[in-house]
Amino acid sequence: MNHLTRRQFLKGLGLSLAAGCFPCSLTLAATINSAPEQAATTLRAAAKRAGLYVGAAVQLRDLKNEPDFAGTLIRECNLVVPEGALKWNVVHPQYNQWNFNPANDLLAFAKAHGLRMRGHTLVWHEAFPDWAKNLLTQGYGLSLLEEHIEKVMGTYKGKLLSWDVVNEAINLKDGQQQGLRKSPWLKALGPDYIAHAYRIAARTDPTATLVYNDYMLTGEEGQKGAAILALVRSLLDKGVPLHAVGLQSHLWAPKTVDVPKISAFCREVKAMGLDLYITELDVGEQDYGSDFASRDKLVAQRVDEYLNAVFSECTPREILTWGLSTRHSWMKDPRYFKTNTRAEPVRGLPFDEDMQRTPFGDTLYKALSALPPAS
Ligand code: G3I
């Protein structure tokens, strides 16, 4: 793989802005431009027809080092989210240290190829450095929250489509009021940290759609979904500027999707006048031993069940998978995916290791294509 330096990558982007193709290699440019007849059958074309955004979480290094990966993203997506570049531990590694280079480069790449970018995430209990946790315990929580949101959102003011302002604030197991997660934020500032975050975000970038993002809404017999709805409703009742709910949508192949619960949740979100986004769709597996064909069939079935449950109630303006290709997925990392103890290849994304569309991807394409065309 040709490993571009940051300078080469950015220089190339300058060329690509002119030439309209990715700088990494001529073959890649040819790949992107060589199959106009395929354009109509890409995820990006289907999303465009429906007037919405389809995309994936990516790491900049993969785009820089893998022309086939970058070409697939450009061809199939019109939205991208940094998998890590806008998280606190990357963008604000020390109190007086900021690092916007990875996110800037990803935004430049997106702009050079007609993709939008969304932000993930400003307030979360993970990827949260110890120096920041210490300041929270010393009473600097609100000033730290303000400084971080104003600096990070302010840097991209008017440039990002939406932001996961607060991520995963609900965890019923922690036994806190409203089912809130016992995060450093809750401990330092109480439940109002959430309202503070959205108010600071709204005044910092009034152009961005502000999203509350969470996972496993059917968990605990649907109690988690009920807690998310109650949290969102309480924020809206206080006039907190919140515009959408992000369903992370990490599905589990062995488990049939609870269609009634998902549909009911979507109905409630829409009834509150909010948008609903699918922000991190992928399908985890337990059986790495079977042949890909049988695994792909089960994965695609879960995606079909889930998209039908959501699309029966609403049309998400943003639909993202958490990874584009199984070549790069958190589901291969045993640190995060406890069932994948040997970092086995996975099948739960729209493109495989060779950048070929999987039955997951075919199912997503069919669901997007069945949506009513944008008016
Ligand atoms: O970049 C460093 C590398 O320099 C270092 O050598 C290596 C050693 O551990 O770490 C690398 O950083 C890792 C980073 O991913 C980039 O690969 C971090 O350790 C690792 O903790 C981080 O994991 C990410 C995780 O969120 C925590 O931020 C996963 O890639 C990412 O897929 C996962 O994504 C989350 C969403 O943000 C929220 N929803 C759930 C989803 C899956 O857990």
Side-chain angles (χ1 to χ4, degrees), residues 3 5-6 55-66 69 73 79-94 97 99-103 105-106 117-130 132-133 148 152 160 162-171 181 183-185 194 197 211-219 224-225 228 244-253 276-285 306 318-341 343 345-346 348-351:
H3 290 258
T5 64
R6 180 165 187 265
V58 295
Q59 299 271 3
L60 183 69
R61 64 168 181 257
D62 301 329
L63 292 178
K64 287 171 69 174
N65 301 334
E66 301 169 20
F69 180 79
L73 182 80
L79 180 62
V80 68
V81 62
E83 187 167 5
L86 285 173
K87 289 176 177 172
W88 199 303
N89 60 341
V90 175
V91 82
H92 198 179
Q94 291 300 335
Q97 200 183 29
N99 176 17
F100 293 108
N101 288 340
D105 292 356
L106 188 53
M117 187 159 104
R118 73 183 309 265
H120 173 84
T121 177
L122 294 164
V123 182
W124 190 28
H125 60 284
E126 286 196 34
F128 190 47
D130 289 342
K133 286 177 190 159
H148 183 81
V152 177
L160 301 195
S162 60
W163 267 102
D164 292 335
V165 176
V166 174
N167 188 45
E168 304 178 5
I170 297 286
N171 185 20
R181 180 181 301 274
S183 72
W185 292 105
I194 300 172
V211 185
Y212 172 73
N213 195 47
D214 213 327
Y215 65 92
M216 206 174 66
L217 64 97
T218 58
K224 175 157 185 186
I228 293 170
V245 172
L247 299 187
Q248 290 187 9
S249 311
H250 296 292
L251 310 184
W252 183 234
L276 184 131
Y277 293 171
I278 292 176
T279 54
E280 304 181 14
L281 182 62
D282 57 20
V283 184
E285 302 166 87
Y306 188 78
E318 296 181 18
I319 299 173
L320 301 107
T321 55
W322 201 248
L324 179 66
S325 149
T326 58
R327 189 185 292 174
H328 307 294
S329 169
W330 73 293
M331 298 185 291
K332 293 168 77 170
D333 184 339
R335 290 179 302 169
Y336 290 97
F337 220 77
K338 304 298 177 227
T339 59
N340 199 352
T341 52
V346 296
L349 283 172
F351 292 87

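Note that ligands are numbered from 1 as they come in the structure, with each ligand's atoms numbered from 1 the same way.
Of the charged side-chain nitrogens involved, none lies within less than 4.0 Å of a carboxylate oxygen, so that Asp62 and Arg327 do not count as a salt-bridged pair.
Contact atoms of ligand 1 toward Glu168: 38 (C), 39 (N), 40 (C) (distance under 4.0 Å to a heavy atom of the residue). Counting atoms of ligand 1 from 1 in the listed order, those under 4.0 Å from a heavy atom of Gln59 are 16 (C), 17 (O). Proximity to Gln248 (heavy-atom distance under 4.0 Å) selects the following atoms of ligand 1: 39 (N), 40 (C). Residue Asn167 has at least one heavy-atom neighbour below 4.0 Å for each of these atoms of ligand 1: 38 (C). Contact atoms of ligand 1 toward Tyr336: 20 (C), 21 (O), 22 (C), 23 (O), 27 (C) (distance under 4.0 Å to a heavy atom of the residue). Applying the 4.0 Å criterion to heavy atoms of His120 picks out, from ligand 1, the atoms 36 (C), 37 (O), 38 (C).
Considering backbone and side-chain atoms alike, Arg335 places an N or O below 3.5 Å from some N or O of ligand 1. Residue Glu83 has at least one N or O atom closer than 3.5 Å to an N or O atom of ligand 1. Not one N or O of Glu126 is nearer than 3.5 Å to an N or O of ligand 1, by distance alone.
Ring geometry for Trp185 versus Phe128: interplanar angle of 30 to 60°, hence tilted. Aromatic ring orientation, Trp88 versus His92: parallel (interplanar angle below 30°, classes split at 30° and 60°). Using cut-offs of 30° and 60° for the angle between ring planes, the Phe337 and Trp252 rings count as tilted.
Judged by distance alone, the side chains of Asn167 and Gln248 do bring a donor and an acceptor atom under 3.5 Å apart. For Tyr277 and Ser162, the side-chain atoms include no donor-acceptor pair closer than 3.5 Å. In this structure, a donor-acceptor pair under 3.5 Å is absent between the side chains of His328 and Glu83.
For atom 15 (O) of ligand 1, the nearest protein heavy atom lies 4.0 Å or farther away. Contact annotation for atom 11 (C) of ligand 1: protein absent (non-hydrogen atoms, distance under 4.0 Å). Taking a distance limit of 4.0 Å, we find that atom 33 (C) of ligand 1 is approached by some protein heavy atom. There is no protein heavy atom closer than 4.0 angstrom to atom 6 (O) of ligand 1. At least one protein heavy atom sits closer than 4.0 Å to atom 41 (C) of ligand 1. The presence of a protein heavy atom under 4.0 Å from atom 3 (C) of ligand 1 is ruled out.
Test Tyr306, Tyr215, Trp330 against His250 for ring-ring contact (aromatic ring centres under 6.0 Å, His included) and you get one pass: Trp330.
Rounding to the nearest 0.5 Å gives a distance of 12.5 Å between CG of Leu324 and CG of Asp282.
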